[in-house]
Amino acid sequence: MSNPNSPRVRFAPSPTGFLHVGGARTALFNWLYARSQGGAFVLRIEDTDQERSTEESYAAILRGMQWLGMDWDEGPHRGGDFGPYLQSERLDIYRKHLETLAEGGHAYKCFCSADDLEARQEEIEADEGTWAGYDGQCRHLTTEEIAAQEAAGTPFAWRLRTPDEGSTFWYDIVLDKLEFQNELMVDRVIFKADGFPTYQFAVVVDDHDMGITHVLRGDDHVSNTPFQLMIYNAMEWKAPKFGHMPMILGPDKKRLSKRHGATSVEEFQTQGILPAAMTNYLALLGWSPGGNADEVMTRDAIIKKFSLKKINSSPAAFDYDKLAHINSEHIKRLSAEERLELAKPIIARDNWALDTDWLIHGVDDTESYLNRVLGILGNRFSNLVTLANHIGFFFTEEHFVDAEAWKEHVTPEAARATLVTLAKAIETGMDLDVAQPASAFEEVIRSTAEEMGVKAGELIHPSRVALTGQSRSAGIFEVMELVGARRTVARLKNAANS
RNA sequence: GUCCCCAUCGUCUAGUGGUUAGGACACCGCCCUUUCACGGCGGCAACACGGGUUCGAUCCCCGUUGGGGAUGCCA
């Protein structure tokens, strides 16, 4: 589908944790760019850290991507012309390119151990100096010295010989011109002593070899970019365009972390957030459709409007309230059929089903029952997880009960008496062997209230809690219709006796 | 410490060298109403500070302050 001129972008997570919102946002912007330009979206796994990479993380990241609907054109389980897409399977490629660098004199062996470096740093700092990073000790080793170290079997890493003068700069898609003085750059390691390339080297090799045209990543990579540019230069490769997006902060403007609440994408899934809503909200963090345009958008609408030029350069704070709002808006805009599909797994999970003995007016199977339940629920359905509390009492006596509401509306003597009176009125005024419509319940309640000389609300509020266990619900007459006359009477009596 | 980035309502943001600085979330009030939610109406609330440039700066430049990032043989 992609032509030679279309962009190729990638998301390159390291499998050292779950897919968190920051990573998901980065992935999303890349994905949106690819989809909006007819380009290719590549998923590459950067698992060059043998210590921290795990299979679980790898699987979790893939799950997160799939849940959010970010399909990749090339990558794990999908293949592609530029594979393999796991860096741990590309070691030969990195070694080959390292050789090129070594031959050109751009890379050199460094025999300094971590302890050596630490000792030198301490020495300098003890003398009030500042350690600015690797000091270039092995830069000028003679062939004899190198031979001696190798003969002694000293482990070594490879470092890039970086330019000492001038500056390295690029025009960032988001941040515009960025420039760094070369003299401040140290010769960082590109190949570790364990035989694996460092991120700095692998990312450059892969982005080049995979034909990546645009690198969109978090701005925590800004200071890595000049070094990577130096690798491109040493390899005599053309560098891709870079775009650094600001990071996502917590509500307190501090770096987003677990203490702020959910940070992994899968946590939001378990909190009942719709993937489309999560995608929508993430897109709004650092990007905007502009002006007074509707913020609530489907994936397709976002793709249509997406533009790199509109990416914000200032960091955004994650707002859980707004996410909840976007989520409810998405649910609100769903058709009855779509809502039904979302709700089905919830009742299936607890084996909730219609019992024909309930004698529900106009309902003959579980699906049509659920459909009616969702119908009277209306816009109170705003989250997949809280939905269970809103509909449980229609299916089971073991439903959620709000203790506070019960204490306030059911426990008082007067309330109990009222419930008994109403239960009797329903028993005598209605045929319990026939399914009854909401209007019939309304009639009984209103006339009973009149006979008692009280407002209908006096009966309605305790009834609501007695039937639903909660002080908030859909219209009580409709609730009674769908709970059925028999169970309604039973619950009113049970509540009065509780 | 050094280097880099950022700065419009509490939050996400739109926006322009001259605007009543717009929208959304949250919050408050009113309406609707059997509760809640929805919906409708209204309200509160911002250009961080100090210098320039300019006839005029929220917008351009510099500085300060604040926040963030980097400074790893992590990615």
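Residue numbers begin at 1 in each chain, while the letters A, B, ... track the order of the sequences.
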Looking only at atom C1', what distance separates B:rA26 and B:rG43, rounded to whole Å?
14 Å
May I ask you to evaluate whether A:Lys310 reaches the phosphate of B:rG15, defined as a side-chain N or O under 4.0 Å from OP1 or OP2?
yes
Looking at every strand, decide which applies to A:Asp47 at a 4.0 Å heavy-atom threshold: base, sugar-phosphate, or nothing.
nothing
Test A:Asp206 against A:Arg44 for salt bridge (charged side-chain N to carboxylate O under 4.0 Å, His left out), laying out the working first.
CA-CA 9 Å; A:Asp206 289 348; A:Arg44 182 175 74 223; 3.6 Å; yes
Please state whether the phosphate of B:rG68, meaning OP1 or OP2, lies under 4.0 angstrom from any side-chain nitrogen or oxygen of A:Lys254.
yes
Go through B:rG23, B:rA75, B:rA37 for me and flag the one nearest to the A:Asn292 side chain.
B:rG23
Would you mind classifying the nucleic acid contact of A:Ala157 as base, sugar-phosphate or nothing, using non-hydrogen atoms under 4.0 angstrom?
base
Specify whether A:Phe180 and A:Trp170 have parallel, tilted or perpendicular ring planes, treating 30° as the upper limit for parallel and 60° as the lower limit for perpendicular.
parallel
Determine whether the side chains of A:Thr225 and A:Arg217 contain a donor N or O and an acceptor N or O closer than 3.5 Å.
yes
Which part of the nucleic acid, if any, lies within contact of A:Leu117, taking any heavy atom under 4.0 Å across all strands shown: a base, the sugar-phosphate backbone alone, or nothing?
nothing
Phosphate OP1/OP2 of B:rA75 contacted by A:Thr48 side-chain N/O (<4.0 Å):
yes
When you get a sec, tell me which of B:rA75, B:rU34, B:rA70 is the closest nucleotide to the side chain of A:Thr198?
B:rA75
Within the structure, does a side-chain N or O atom of A:Lys253 lie under 4.0 Å from either OP1 or OP2 of B:rG10?
no
Which part of the nucleic acid, if any, lies within contact of A:Lys455, taking any heavy atom under 4.0 Å across all strands shown: a base, the sugar-phosphate backbone alone, or nothing?
nothing
Side-chain N,O (A:Arg255) to OP1/OP2 (B:rG69) below 4.0 Å:
yes
Rounded to whole angstrom, note down the P distance from B:rC5 over to B:rC60.
15 Å
Check the phosphate of B:rC4 against A:Lys177, side-chain N and O only, distance under 4.0 Å to OP1 or OP2. Yes or no?
no
Please work out if A:Gly378 contacts a base, only the sugar-phosphate, or nothing of the nucleic acid, heavy-atom cut-off 4.0 Å.
nothing
Regarding A:Ser473, tell me which of base, sugar-phosphate or nothing describes its non-hydrogen contacts under 4.0 Å with the strands shown.
base
Can you tell me how far C1' in B:rG66 sits from the matching atom in B:rG42, rounded to whole Å?
35 Å
In terms of the nearest nucleotide of RNA chain B, which residue is placed more toward the 5' end: A:Thr130 or A:Asp321?
A:Thr130
Considering only side-chain heavy atoms of A:Asn224, which listed nucleotide, B:rC6, B:rA24, B:rA75, is closest?
B:rA75
Just to be sure I understand the rule, does A:Ile476 reach a base, reach only the sugar-phosphate, or reach nothing, if contact means heavy atoms closer than 4.0 Å?
base
Find which nucleotide of RNA chain B each of A:Pro155 and A:Arg464 is nearest to by heavy atoms, and output the residue with the more 5' nucleotide.
A:Arg464
Measuring to OP1 and OP2 of B:rA14, would you say a side-chain N or O of A:Asn312 lies under 4.0 angstrom away?
yes
When the P atoms of B:rG1 and B:rC9 are considered, how many whole Å apart are they?
27 Å
Looking for any heavy atom pair under 4.0 Å, which part of the strands does A:His244 touch: base, sugar-phosphate only, or nothing?
nothing
For the residue pair A:Lys322 and A:Tyr281, would you count it as a cation-pi contact if the rule is NZ or CZ under 6.0 angstrom from the ring centre and within 45 degrees of the ring axis?
no
